Chemist: 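Sharing a structure with you now.
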Amino acid sequence: MRFSLRKKTILLIVLFAVLLSGVGVAISTVIIRSIVDTDYKSDADHLALTLSHLVDGDQVGVVRNQVMEIYRKTTYKVSSEDWGSPEFEEYTSLYSGIMDTDEFKTLHKQLTDIQNDNDVDCMYIIYADKATKNGIYLVDAAEEDPCTPGVFDPIYEFNYPSLDDPERGFPAYITDTGYGWLLTAGAPVHDSNGDVVAFAAVDISMDEIRAKQNDYFLMTLFIMIGMTLIFCLVGYFLVNHFAVKPLRMLSSAAQQYCSKVDKDTNIGFADLHITTRDEIGELSDSMKQMERDIQKYVDNLIKTREQLSQSRERAAEMSEIANKDSLTGLRNKRAYDLDSMNLEDDIRVNQAEFGIVMVDMNYLKQTNDNYGHDKGDIAICMTSRIICDTFKHSPVYRVGGDEFVVIIRNTDYNNINGLIRVFQNSVSQKTNNTLLNPWERISAAIGYALYDKDIDSNVEDVFRRADENMYIEKNRMKGL
């Protein structure tokens with residue numbers, strides 16, 4: 001069956017318009033949903049973090065201890081799925097006394113005020129029980145059907161890493177609860193000792209947002225359908241009023257559209273030279289304008305992506321600078337404090353196996369006084385290199401002007417005595433080398449201590465013993 005050129009051209013225009021409309025609707029919908037979800041997740045993370053800083057961690061710890069004492073003693077527990085059942089009422093009544101405490105009332109009022117000020121659906125505090133992988137409600141400020149203390153919800157599997165690393169909190173995530181779309185985020189709440197006692201969480205309903213996104217999708221779809229109809233009508237008049245050549249030019253440009261986009265070159269409509277002052281000319285101009293708009297839209301997306309990438313890189317650089325000693329390039333005191341917190345977590349879960357090495361330079365003040373601080377800096381850098389060369393598998397920190405700390409684990413942990421001798425020999429070679437400049441004949445005392453759960457309750461205890469052993473060695477070197 002043969003088709004006339006007019007029918008073929010019209011069919012081509014229709015197919016092209018439908019394809020372009022479908023791709024445009026799909027891409028714009030996906031991009032806008034992604035941008036909206038990202039913005040809301042960021043807001044939820046910031047709101048949860050703000051809430052975690054505003055509440056009193058010690059009060060949260062008191063409520064948590066009260067709830068968990070009853071929770072662990074109770075053999076039959078109910079989740080929020082059992083809402084309204086006789087068992088639910090019986091179970092929640094066990095916690096009624098907690099709701100009358102001053103700590104609970106203070107926290108509940110604080111959550112309610114913040115919740116009302118920020119126009120969110122729900123703010124609450126939960127405790128993540130690693131053993132059962134459940135989130136046990138401590139305080140819930142929901143206006144309708146709040147969860148009473150002791151009620152739990154299972155923790156989603158993708159949040160399991162937070163059970164081992166509470167500091168990461170619960171990064172914002174969107175779930176279909178069966179009752180609607182819900183955005184949830186949680187941040188760790190610390191007590192006055194810096195321990196994570198619970199998580200401050202926020203729930204934001206995404207139903208309205210999803211509805212608006214669907215409305216946008218329908219609106220875009222109708223617009224695209226309208227544009228498709230316009231293209232089809234224009235094509236019909238083009239075929240009926242003009243010669244075959246302009247139609248072939250348009251058809252050829254349309255067929256090359258995708259291939260030229262893939263090559264990142266001009267789409268092709270800009271190269272058309274159709275000078276007819278009628279519908280074909282208008283269509284040509286419309287396609288050129290569409291090409292420019294699409295290219296501009298793509299350029300804006302690429303620019304936005306580059307800006308986001310640059311922001312992430314700057315944030316990473318700032319984080320690295322904040323944790324690095326400017327003179328030696330080693331980790332600084334701030335980095336040591338952060339890593340010590342991780343060691344405290346290992347101690348709490350009885351999985352700690354580490355040691356701390358203390359190194360203190362001798363005579364640095366005399367070097368600075370006699371030869372200048374620039375020569376003292378040389379001595380500091382030489383000492384840091386010897387430490388790094390000795391403890392190759394361990395992080396090294398400069399925690400003071402002439403003080404260094406090494407956290408040893410694994411290989412270095414098992415070979416600590418040998419490494420101590422290596423360090424002492426390396427320093428002794430520098431000290432006794434008369435060919436070196438005075439400031440290069442460095443001297444340093446070293447001491448260490450291994451974590452012992454029977455005598456050490458925290459990292460500071462190990463640090464203190466290592467420091468004492470180092471000063472014993474320093475006095476020995478000075479003949480005291």
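The residues of the chain are indexed from 1 along the displayed sequence. Please read these numbers as outputs of a predicted model, since none were measured by experiment.
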Chemist: Checking the side chain of Arg334 only, and the main-chain atoms of Asp337 only, is there a donor and an acceptor separated by less than 3.5 Å?
Modeler: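 Not at all, since once roles are kept as given, no pair shorter than 3.5 Å links the two residues.
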Chemist: Would the Tyr127 and Phe199 ring centres measure less than 6.0 Å apart?
Modeler: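 Ring centroids of Tyr127 and Phe199 are no less than 6.0 Å from each other.
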Chemist: Surrounding CZ of Arg421 (heavy atoms of other residues, nucleotides or ligands, distance under 6.0 Å), is the total greater than 12?
Modeler: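 It does not: Arg421 CZ has 12 such atoms or fewer within range.
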Chemist: Does this structure show an ion pair linking Lys41 with Asp37, if we count only N-O contacts that are shorter than 4.0 Å?
Modeler: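 Salt bridge between Lys41 and Asp37, a charged N being under 4.0 Å from a carboxylate O: no.
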Chemist: Please determine whether a side-chain nitrogen of the Lys or Arg among Glu468 and Arg465 lies less than 4.0 Å from a carboxylate oxygen of the Asp or Glu.
Modeler: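 A salt bridge is absent here (no side-chain N lies under 4.0 Å from a carboxylate O).
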Chemist: Output yes when a side-chain donor or acceptor of Asp456 lies under 3.5 Å from a complementary backbone atom of Asn458, and no otherwise.
Modeler: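 No; zero donor-acceptor contacts below 3.5 Å.
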Chemist: Give the intermediate values and the outcome of side chain to side chain donor-acceptor pair (under 3.5 Å) for residues Tyr451 and Asp461.
Modeler: CA-CA 8 Å; Tyr451 169 72; Asp461 291 343; over 6 Å; no
Chemist: Output yes when a side-chain donor or acceptor of Thr101 lies under 3.5 Å from a complementary backbone atom of Phe104, and no otherwise.
Modeler: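 Between the backbone of Phe104 and the side chain of Thr101 there is a qualifying donor-acceptor contact (under 3.5 Å).
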Chemist: For Tyr371 and Asn437, does a side-chain donor sit closer than 3.5 Å to a side-chain acceptor?
Modeler: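 Side chains of Tyr371 and Asn437: no pair found under 3.5 Å.
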Chemist: Which residue pairs pass the salt bridge (Lys or Arg N to Asp or Glu O under 4.0 Å) test when at least one of the two sits in residues 98-110, sequence neighbours left out?
Modeler: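 Found Lys109-Asp113.
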Chemist: Is the backbone N or O of Val197 less than 3.5 Å from a side-chain atom of Asp195, with the two atoms forming a donor-acceptor pair by type?
Modeler: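 No, because the side chain of Asp195 does not come within donor-acceptor range (under 3.5 Å) of the backbone of Val197.
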Chemist: Do you see a donor-acceptor pair shorter than 3.5 Å between the side chains of Asp325 and Thr328?
Modeler: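 Indeed, the side chains of Asp325 and Thr328 share at least one donor-acceptor pair under 3.5 Å.
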Chemist: Would Phe158 and Tyr173 count as a close aromatic pair, with their ring centres under 6.0 Å?
Modeler: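 Yes, they do, as the ring centres are separated by less than 6.0 Å.
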Chemist: For Tyr137 and Phe152, I'd like to know if the aromatic rings sit close, meaning centre-to-centre distance below 6.0 Å.
Modeler: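 Here the rings of Phe152 and Tyr137 have centres that are no less than 6.0 Å from each other.
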Chemist: Carefully, step by step, assess Ser205 and Asp121 under the rule side chain to side chain donor-acceptor pair (under 3.5 Å).
Modeler: CA-CA 6 Å; Ser205 174; Asp121 292 87; 4.6 Å; no
Chemist: Check whether any side-chain N or O of Asp191 sits under 3.5 Å from a backbone N or O of Asn193 as a donor-acceptor pair, and report yes or no.
Modeler: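 Side chain of Asp191 to backbone of Asn193: a pair is present.
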Chemist: Between Ser428 and Gln424 (side chain of the first, backbone of the second, donor and acceptor by atom type, cut-off under 3.5 Å), is there such a pair?
Modeler: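 Looks like no, no N/O pair under 3.5 Å.
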Chemist: Does the gap between the ring centers of Tyr95 and Tyr91 come in under 6.0 Å?
Modeler: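 Centroid separation for Tyr95 and Tyr91: below 6.0 Å.
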Chemist: For a quick check under 3.5 Å, do Asn417 and Tyr448 share a side-chain donor-acceptor pair by atom type?
Modeler: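 Per modelled atom types, Asn417 and Tyr448 side chains form a pair under 3.5 Å.
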Chemist: Would you please test Asn362 and Lys474 for side chain to side chain donor-acceptor pair (under 3.5 Å) and show each step?
Modeler: CA-CA 8 Å; Asn362 297 323; Lys474 180 181 285 285; 2.4 Å; yes
Chemist: Is there a donor-acceptor pair under 3.5 Å between the side chain of Asn134 and the backbone N or O of Asp129?
Modeler: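 Absent.
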Chemist: Crowded around Glu167 CD? As in, over 12 foreign heavy atoms under 6.0 Å?
Modeler: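 Enclosed.
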Chemist: Can you check whether Gly169's main-chain N or O pairs, donor with acceptor, with Ser162's side chain at less than 3.5 Å?
Modeler: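 Here the side-chain-to-backbone pair exists.
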Chemist: Backbone N or O of Thr92 within a donor-acceptor pair of the Ser96 side chain at under 3.5 Å?
Modeler: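 No; judged by distance alone, with no hydrogens or angles, the pair does not exist.
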Chemist: Is the positively charged end of Lys130 above the ring of Tyr160, judged by distance under 6.0 angstrom from the centroid and angle within 45° of the axis?
Modeler: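 No, Lys130 and Tyr160 do not form such a contact.
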Chemist: Please determine, by modelled atom types, if Asp203 and Tyr124 share a side-chain donor-acceptor pair under 3.5 angstrom.
Modeler: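 Result is yes, a qualifying pair exists.
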